[in-house]
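Worksheet: one structure, shown below.
In listed order, ligands and their atoms are each counted from 1.
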Amino acid sequence: MKNIVLISKSILLIFISLIISSCSEDEPVQIALYLPVANFSYEAFDKKVVFTDKSENADSYYWTFGDGETSTEQNPTHFFKASKRYSVELTIRGEKGKTSSKKMTVDLSDGSTTDPEDVNITIDGDFSDWQAVPSSMLATSSIASYVTDLVALKQVQLCGNDNYVFFYLKADAAKFNVVQFYIDKDNYNETGFLGWYWSGIGSEFLLEASREDNLAPTVMEYDDANGNGGTGWNWITLFDPAAKAIEISQFVAGENNIVEVEGRIIRSYVPELGRTVKMGVALVDASWAASGLLPSKLEDGGLNSAITVKLP
Ligand SMILES: [Ca+2]
Ligand SMILES: [Ca+2]
């Protein structure tokens with residue numbers, strides 16, 4: 001259908017050009033040029049990646065996969081050797097040799113990069129909708145049985161869609177005054193704050209919110225220039241609680257001081273989140289002592305890695 005439209009447009013342009021040129025012999029004939037625009041998507045299955053061309057006006061294709069391999073197929077399937085990040089580039093050539101390129105990072109570092117499914121959570125204090133979240137999009141961390149201190153945080157669940165990162169918390173209300181979400185936006189521990197609680201997480205953002213304030217958070221960005229990407233505590237306040245970067249349900253009270261709450265972090269308040277985000281959640285009690293931690297430390301006391309959540 002598109003081709004027919006393009007052809008008829010071309011015929012029309014040529015026809016008009018002929019009329020113009022027959023009217024005035026000195027005018028050059030105008031011929032429309034359809035410029036190439038490179039684009040593609042991909043789906044990864046472990047280290048096998050299926051690329052789908054989404055370009056416009058391409059006559060030929062040239063792929064570089066970032067591992068020294070190339071292809072001239074329109075829709076190549078490529079097998080990578082390692083589970084890491086590759087910079088893949090598609091260059092297309094169209095009419096009159098015009099070219100266009102598109103570059104994308106293919107991140108195989110966490111083993112699954114299939115296109116995420118859309119998820120949604122209603123912030124209503126009914127937690128049954130979490131069971132409908134596809135397992136590939138749901139990240140859950142529960143307190144380990146061997147944990148004897150920092151026991152206030154029992155469970156965290158995370159998932160996200162284009163607009164929100166949804167969270168579920170289950171905690172001991174007697175020891176839960178402030179929640180801290182440490183967010184590694186780029187899943188890259190050489191940028192951001194290297195916390196004391198987890199390994200392999202370099203947090204760019206910290207959302208710190210008190211229960212009395214309905215979790216209205218102060219959003220802080222790590223000051224890389226003055227913290228030097230290490231463990232120096234140096235954050236810049238981006239938004240104060242009035243910005244309402246978090247919306248929550250009511251706290252649902254259970255037995256033994258347990259409370260449950262679901263909420264959503266508005267993604268636009270935490271800029272530049274990648275599609276794979278690492279997060280750690282800590283609780284602080286009324287005297288500002290750490291009281292809860294998920295993921296928990298390892299059984300030997302060593303640092304655990306953070307929760308990894310997939311976002312669209
Ligand atoms: Ca709900
Ligand atoms: Ca980082």
Requested in this report: Kindly determine whether Asp107 and Thr105 satisfy side chain to side chain donor-acceptor pair (under 3.5 Å), including the steps that lead there.
Outcome: CA-CA 6 Å; Asp107 187 357; Thr105 298; over 6 Å; no

Query - Smallest separation among heavy atoms of Leu215 and Ile246, with atom names - result: O-CB, 3.7 Å

**Report entry** Sum of protein N, O or S atoms, each under 3.0 Å from the Ca ion (ligand 2)
**Finding:** 8

Please set out all donor-acceptor pairs under 3.5 angstrom arising from side-chain atoms of residues 248-256, sequence neighbours excluded.
| from | atom 1 | to | atom 2 | distance (Å) |
| --- | --- | --- | --- | --- |
| Ser249 | OG | Glu262 | N | 3.2 |
| Ser249 | OG | Glu262 | O | 3.3 |

Query raised in the report: Tell me the salt bridge (charged side-chain N to carboxylate O under 4.0 Å, His left out) pairs involving residues 236-249, sequence neighbours left out?
Result: Glu247-Arg264

**Report entry** Protein-derived N, O or S atoms lying under 3.0 Å from the Ca ion (ligand 1), waters excluded
**Finding:** 7

Query raised in the report: Taking atom CD of Gln155 and atom CD1 of Ile258, what is their separation to the nearest 0.5 Å?
Result: 11.0 Å

Requested in this report: Could you check if a side-chain atom of Asn234 sits within less than 4.5 angstrom of a side-chain atom of Phe193, using non-hydrogen atoms only?
Outcome: no

Query raised in the report: Under 3.5 Å, is there a donor-acceptor pair between the side chain of Asp184 and the main chain of Gly202?
Result: yes

Query raised in the report: Has the side chain of Ser296 got a donor or acceptor atom that lies under 3.5 Å from a matching backbone atom of Ala144?
Result: yes

Query raised in the report: Less than 4.0 Å between a side-chain N and a carboxylate O, is that true for Lys185 and Glu272?
Result: yes

